[in-house]
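Report on the following structure.
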Amino acid sequence: MLARVANNLFWMGRYIERSEHIARYLRVNYFSSLDAPNQVSQSRQFVLRSMLNMIGDPIEDESIVHSEERVLYKIGLDPNYPSSIINNVRNVRENANSARDLISTELYESINKFYHFISKYDPKVYTKNGLHDFTLNVTEMSAILRGKVRSTLMHDEIYAIIMMGANIERATQIIRIINAKSNDALKAQGSYGDKFKNSFEWTTLLKCTESYDMMRRYYKKTPSSISTLEFLILNPDCPRSIMNSLNQVFKHMQILDPNTKMDRDSTAFLVAKVKAEYEFKCIIEIEKDIQSVIDTTLDSLYEISQKMEEEFFSY
């Protein structure tokens, strides 16, 4: 396989995952604010700033009044904004086109259907009253693509490359969502006890990552900062957790690099090192300095991605 084609498969997996998480964050954040228990969380400006923060475009000046239609259009359907959902889906299709002979017809047809749905969606309908329909379809179609990857491709190097990209992107998006919602929790605190720990924003965070029901069944109590962060960062059995994503990356990495003795300069060694750090990390360490853990995690994921591209995809 050409390194260029492998790189396209890797990024195809990343863009599928990125589209899903951005779309779900828009929908959950927007509609959860309607039932929020405090005025800050109900504020539309607060919600719009949170959306911009999550995609990496934070606005520090809270005196700036954002247009709801402009923010939703920018994140969803603006072809001139690199991080918009429509551009992510276009990138999925472009990367799939370059590796057409390596992926299944079923997967390619689903990607085309996804692309045409997005490209034909009326921006006016989307920004006025189509947010729920648009984002729900994006998350469902992303899930269909992941299902096609798992069920219509041989579980060989091609599958491993796509899934490595998807899992690195999942970990990246989860930690970005944690960053955005922990900042929101500082501004929209709870009404009893430790107000930061009991903020409504921790419940919203779990719903943004499709982990609310799993967490409630696991802990059998109302979400708090400690239980939420422990579940989404350290729990290896939660399919959305950072720990689970790192385990999946390492598993697929071994298909590409089956050597039992890892070279210290290899990507496999770096992934194993980062994975080991999280296996023995305690929630108390995370709680002491949440922002430091978030920044360190993002740096580690970026380093893994860069190392992977240098070792396997450079051309």
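Only a predicted model underlies this, so the values are computations on that prediction, with no experimental measurement involved.
- Minimum interatomic distance between S41 and V47 (heavy atoms only, all atoms of both residues): O-CG2, 3.9 Å.
- Between the side chains of D133 and Y126, no donor-acceptor pair of N or O atoms lies under 3.5 Å.
- Annotation for I284: atom CD1 does not count as buried by contact number, only 12 or fewer foreign heavy atoms lying within 6.0 Å.
- Atom-to-atom distance recorded for Q306:CD and S314:OG is 11.5 Å, nearest 0.5 angstrom.
- Residue pairs that meet the ring pair (Phe, Tyr, Trp, His ring centres under 6.0 Å) test with at least one member in residues 218-257, sequence neighbours left out, are Y159-H252, Y218-F231.
- When hydrophobic side chains of Ile, Leu, Val, Met, Phe, Trp and Tyr are connected at separations under 4.5 Å, F46 ends up clustered with V40.
- Surrounding CD of Q291 are more than 12 heavy atoms belonging to other residues, nucleotides or ligands, all under 6.0 Å away.
- In this structure, L246 and L301 have side chains that are in contact, with non-hydrogen atoms separated by less than 4.5 Å.
- Between Q173 and T209, the closest side-chain pair of non-hydrogen atoms is not below 4.5 Å.
- Side chain of N91 to backbone of N87: a donor-acceptor contact under 3.5 angstrom is found.
- In this structure, R24 and T135 have side chains that are not in contact, with every pair of non-hydrogen atoms separated by 4.5 Å or more.
- Side chains of T172 and Y302: no donor on one and acceptor on the other come within 3.5 Å.
- Residues P236 and N244 come closest through the heavy atom pair O-ND2, 2.9 Å.
- One finds a salt bridge joining K197 and E287 here, because a Lys/Arg side-chain nitrogen approaches an Asp/Glu carboxylate oxygen to under 4.0 Å.
- Between D184 and K181 there is a salt bridge, with a side-chain nitrogen of the basic residue lying less than 4.0 Å from a carboxylate oxygen of the acidic one.
- The ring-ring contact (aromatic ring centres under 6.0 Å, His included) test with F10 is passed by exactly one of F313, F312, Y15: F313.
- Taking every heavy atom of both residues into account, R170 and P239 meet most closely at NH1-O, 2.9 Å.
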Problem set entry | side chain to side chain donor-acceptor pair (under 3.5 Å) between S50 and Y25, intermediate numbers included | CA-CA 9 Å; S50 179; Y25 193 84; 2.6 Å; yes
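- Each of I22, D57, L26 was compared with M51 under the side-chain contact (heavy atoms from CB on, under 4.5 Å) criterion, and only L26 meets it.
- Atom OG of residue S199 and atom CG of residue L186 lie 8.5 Å apart, to the nearest 0.5 angstrom.
- Legend: salt bridge (charged side-chain N to carboxylate O under 4.0 Å, His left out) pairs involving residues 224-234, not counting sequence neighbours: none detected.
- Side-chain N or O atoms of D257 include none that pairs as donor or acceptor with a backbone N or O of M253 at under 3.5 Å.
- Counting only residues at least two apart or on different chains, no salt bridge (charged side-chain N to carboxylate O under 4.0 Å, His left out) pair has a member in residues 79-98.
- For the atom pair CG of L107 and CG of L102, the computed distance is 11.5 Å after rounding to the nearest 0.5 Å.
- Cluster partners of L136, using a side-chain heavy-atom cutoff of under 4.5 Å among ILVMFWY residues and allowing indirect links: none.
- In this structure, CG on L145 lies 8.0 Å from CE on M12, to the nearest 0.5 angstrom.
- In this structure a side-chain-to-backbone donor-acceptor pair under 3.5 Å is present from T297 to V293.
- With sequence neighbours excluded, no residue forms a side-chain hydrogen bond (donor to acceptor under 3.5 Å, both in side chains) with T203.
- Legend: salt bridge (charged side-chain N to carboxylate O under 4.0 Å, His left out) pairs involving residues 95-115, not counting sequence neighbours: none detected.
- Listed by chain and residue number, E169, S305 satisfy the side-chain hydrogen bond (donor to acceptor under 3.5 Å, both in side chains) test with R14 (two or more places apart in sequence, or in another chain).
- Residue pairs meeting the salt bridge (charged side-chain N to carboxylate O under 4.0 Å, His left out) criterion with at least one member in residues 142-155, sequence neighbours excluded, are E17-R146, E20-R146.
- Shown here for I283 and L234, the closest heavy-atom pair between the two residues is N-CD1, 3.8 Å.
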For this session: Apply the test salt bridge (charged side-chain N to carboxylate O under 4.0 Å, His left out) to residues E279 and K275: give CA-CA distance (whole Å), side-chain angles for both, the deciding distance (0.1 Å), then the verdict.
Result: CA-CA 6 Å; E279 282 177 352; K275 186 168 79 77; 3.1 Å; yes
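- A distance of 10.0 Å separates CG in N80 from CD1 in I86, rounded to the nearest 0.5 Å.
- Atoms CD1 and OG, from I174 and S211 in turn, are 6.0 Å apart once rounded to the nearest 0.5 Å.
- The side-chain hydrogen bond (donor to acceptor under 3.5 Å, both in side chains) search around K128 returns E69, not counting sequence neighbours.
- In terms of heavy atoms, S19 sits closest to I85 at OG-O, 4.3 Å.
- Aromatic ring centres of W202 and F196: separated by under 6.0 Å.
- Listed by first and then second residue, the ring pair (Phe, Tyr, Trp, His ring centres under 6.0 Å) pairs involving residues 53-100 amount to none (not counting sequence neighbours).
- In this view, S245 satisfies the side-chain hydrogen bond (donor to acceptor under 3.5 Å, both in side chains) rule with no residue, not counting sequence neighbours.
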